[in-house]
Every structure is written in structure tokens, then in C-alpha cells.
Amino acid sequence: HLLSPFSIFNGDVLLAARKPSGSIHILLGDFTGHGLPAAIGAMPLAEIFYGMTAKGFFMSDILREINIKLKKILPVGYFCCTCMANMSFRRNEIEVWMGGLPDFGLYRKNTGQVERIKSNHLPLGVLSSQAFDAETKTFDFLPGDKFYMWSDGIIEARNSDGELFGDERLFSVFDNKNSD
């Protein structure tokens, strides 16, 4: 992993923990804003993530609990764009929940192709507990497959001409790498 924040205090969060079953939970979060205001939700999010993962809770339960906490403590207009994944190497699958982040990539070793995984939920901390949807998507995850996650910092990076790097350019990097 690489975490390269814009400032020391920021809202970028990358967490990983092993469940008692042996699978791994990974959470990438990007809170709105920059600096200390963006970081206020990071500690409660991490506390819930690590505590519930260690007890073997399902990903959907953890997401619901984090959403409730963030909805309660974050100022109006603040939220956390999030991807949470459960990687089960015993079942050869990856379960994914995405809210508010750009498309991610699931590299398939057997084909050399990168499958796009799209965000299909609102960010954490936006919806009430009654409206929150913790439905996940499950994908085969075979030995040699890779799951690429990133926040919007990559696609919003600009070159010297002020041109955004962009989503399409990012995925073309995968295409170019696989054609070599």
C-alpha cells in the first residue's frame, strides 16, 4: 500500500485487520475536506472497524455501525467515501461495498484484464440507519488476482498544464501494462 496524504492531519484512512475466521477486512476511507476537520471521524471509524473485525462481525454489520456513528458525530456536509472489502482466501472470493469512491480495479490473472468495480452506494455518514444500504457484491478472487483501491487523489491530480489525470487515463495504465 501507499498512503500519501496532502497534509499531516487529513481524512484519508487505510485499515486492515484479520478476522478470527482467517479472512481479511480492508477499509479505505476518504473524508470530505482537508486538515483537522476532515480527520475528526477517523478515530471512531478505526475503533469500530478494529473492534468489530476482531470479534468476527460481518462486513455489513460493521458498515452499519460506522454509518450510525459518523451520521451522529460529523458536521453537516461531512461524510466518508468508503470501500470495504472482505478477502476470503479459503473461499477464493472478495466481498466489496463501495460508497462514493471512483471505480476500482480487479485484476484477473487468468485473463490479464482489469475488471471495473463501481461504487453503488452513498458515502458513510450521509443516510439515516433506516435508509442505509449495506448490500455487498461478491466476486471470485483466485490466486494471482489483485484488488486495486484508491481515493480520488489520483484521478484529481493535475499535470503542468492543469489537466486532470482522470479515470480513463488511470485505467489505460492497466491496459498498457497488460499489453507489454
Side-chain angles (χ1 to χ4, degrees), residues 1-5 9-32 38-74 78-109 114-154 174:
H1 76 276
L2 170 67
L3 188 60
S4 181
F9 293 107
N10 66 79
D12 294 338
V13 179
L14 179 61
L15 309 172
R18 193 170 295 275
K19 291 178 62 176
S21 66
S23 62
I24 297 173
H25 278 166
I26 300 169
L27 185 144
L28 174 69
D30 184 6
F31 285 88
T32 45
I40 61 174
M43 289 299 288
L45 180 146
E47 182 180 3
I48 293 167
F49 173 86
Y50 286 124
M52 291 182 75
T53 295
K55 293 176 183 171
F57 278 88
F58 291 114
M59 199 168 73
S60 58
D61 296 326
I62 297 170
L63 288 163
R64 277 190 195 91
E65 193 65 28
I66 292 171
N67 184 68
I68 289 168
K69 184 69 169 187
L70 294 181
K71 179 76 172 146
K72 193 180 299 182
I73 68 167
L74 290 178
Y78 281 80
F79 49 83
C80 185
C81 297
T82 306
C83 177
M84 187 168 174
N86 179 51
M87 301 175 84
S88 175
F89 302 106
R90 193 181 76 236
R91 291 190 315 263
N92 288 328
E93 65 183 28
I94 183 169
E95 179 185 15
V96 179
W97 184 96
M98 286 181 61
L101 286 167
D103 294 357
F104 287 167
L106 180 54
Y107 169 78
R108 301 298 191 171
K109 183 181 180 195
V114 175
E115 181 179 337
R116 282 189 186 216
I117 309 297
K118 297 187 175 296
S119 182
N120 59 345
H121 297 287
L122 290 174
L124 295 175
V126 172
L127 297 173
S128 68
S129 59
Q130 295 83 6
F132 181 74
D133 180 7
E135 182 181 351
T136 61
K137 291 187 177 182
T138 303
F139 304 89
D140 291 334
F141 195 67
L142 304 174
D145 288 353
K146 296 176 183 173
F147 185 55
Y148 292 98
M149 308 166 73
W150 51 80
S151 66
D152 59 4
I154 291 176
F174 290 111

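All heavy atoms count here, side chains included; hydrogens, waters and symmetry mates do not. Predicted model only: the values in this text are computed from it and were never measured.
Ser119 approaches Met98 most closely through the heavy-atom pair OG-O, 3.3 Å. Here the closest heavy-atom approach between residue Leu101 and residue Cys83 is recorded as CD1-N, 3.4 Å. The shortest heavy-atom contact between Leu124 and Leu63 is CD2-O, 4.0 Å. For the residue pair Gly125 and Leu70, the shortest heavy atom distance occurs at CA-CB, 3.9 Å. Contact detail for Ile68 and Ser129: the closest heavy-atom pair is CG1-CB, 3.8 Å.
Remark: Leu45 CG to Asn67 CG distance equals 10.5 Å, nearest 0.5 Å. Atoms CG and CH2, from Asp30 and Trp150 in turn, are 14.0 Å apart once rounded to the nearest 0.5 Å. Here the straight-line distance linking atom SG of Cys80 with atom NZ of Lys71 works out to 14.5 Å at 0.5 Å rounding. Between atom OG of residue Ser23 and atom CD of residue Glu93 there is a gap of 9.5 Å, rounded to the nearest 0.5 Å. Between Met59 atom CE and Ile26 atom CD1 the span is 10.5 Å, to the nearest 0.5 Å. Note that CG of Asn86 and CZ of Arg91 are 6.5 Å apart. Values are rounded to the nearest 0.5 Å.
Between the Trp97 side chain and the Thr82 main chain, no donor and acceptor come within less than 3.5 Å of each other. Between the side chain of His121 and the main chain of Thr136, no donor-acceptor pair closer than 3.5 Å is present.
Salt-bridge formation is detected for the pair Asp103/Lys118: a Lys NZ or Arg NE/NH1/NH2 atom is positioned less than 4.0 Å from an Asp or Glu carboxylate oxygen.
Around atom CD of Glu47, no more than 12 heavy atoms belonging to other residues, nucleotides or ligands sit under 6.0 Å away. Within a 6.0 Å radius of CZ in Phe58, no more than 12 heavy atoms belonging to other residues, nucleotides or ligands are found.
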>> The test is side chain to side chain contact (heavy atoms under 4.5 Å, CB included); show your working for Phe89 and Ile24 and say whether it passes.
In response: CA-CA 9 Å; Phe89 302 106; Ile24 297 173; 3.7 Å; yes

> Is there a side chain to side chain contact (heavy atoms under 4.5 Å, CB included) between Lys69 and Ile66 once you walk through the steps?
Replying inline: CA-CA 5 Å; Lys69 184 69 169 187; Ile66 292 171; 5.8 Å; no

>> Does Leu74 form a side chain to side chain contact (heavy atoms under 4.5 Å, CB included) with Phe31? I'd like the steps, not just the answer.
In response: CA-CA 10 Å; Leu74 290 178; Phe31 285 88; 4.1 Å; yes

>> Test side chain to side chain contact (heavy atoms under 4.5 Å, CB included) on Asn120 and Lys137; report intermediate values, then the result.
In response: CA-CA 10 Å; Asn120 59 345; Lys137 291 187 177 182; 3.3 Å; yes

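Using cut-offs of 30° and 60° for the angle between ring planes, the Phe49 and His25 rings count as tilted.
The shortest side-chain heavy-atom distance between Asn92 and Pro143 falls under the 4.5 Å cut-off. Between Phe139 and Glu115, some side-chain heavy-atom pair lies under the 4.5 Å cut-off. Side-chain contact between Phe147 and Ile117 is present, with heavy atoms from C-beta onward closer than 4.5 Å. For the pair Lys109 and Leu142, the minimum side-chain heavy-atom distance is 4.5 Å or more. Side-chain contact between Leu28 and Phe104 is present, with heavy atoms from C-beta onward closer than 4.5 Å. Two residues are said to be in side-chain contact when any heavy atoms from C-beta on lie closer than 4.5 Å; Arg108 and Asp140 meet this criterion. The closest side-chain heavy-atom distance from Ile73 to Ile40 is not below 4.5 Å. Residues Pro123 and Cys81 are in side-chain contact: their nearest non-hydrogen atoms beyond the backbone lie under 4.5 Å apart.
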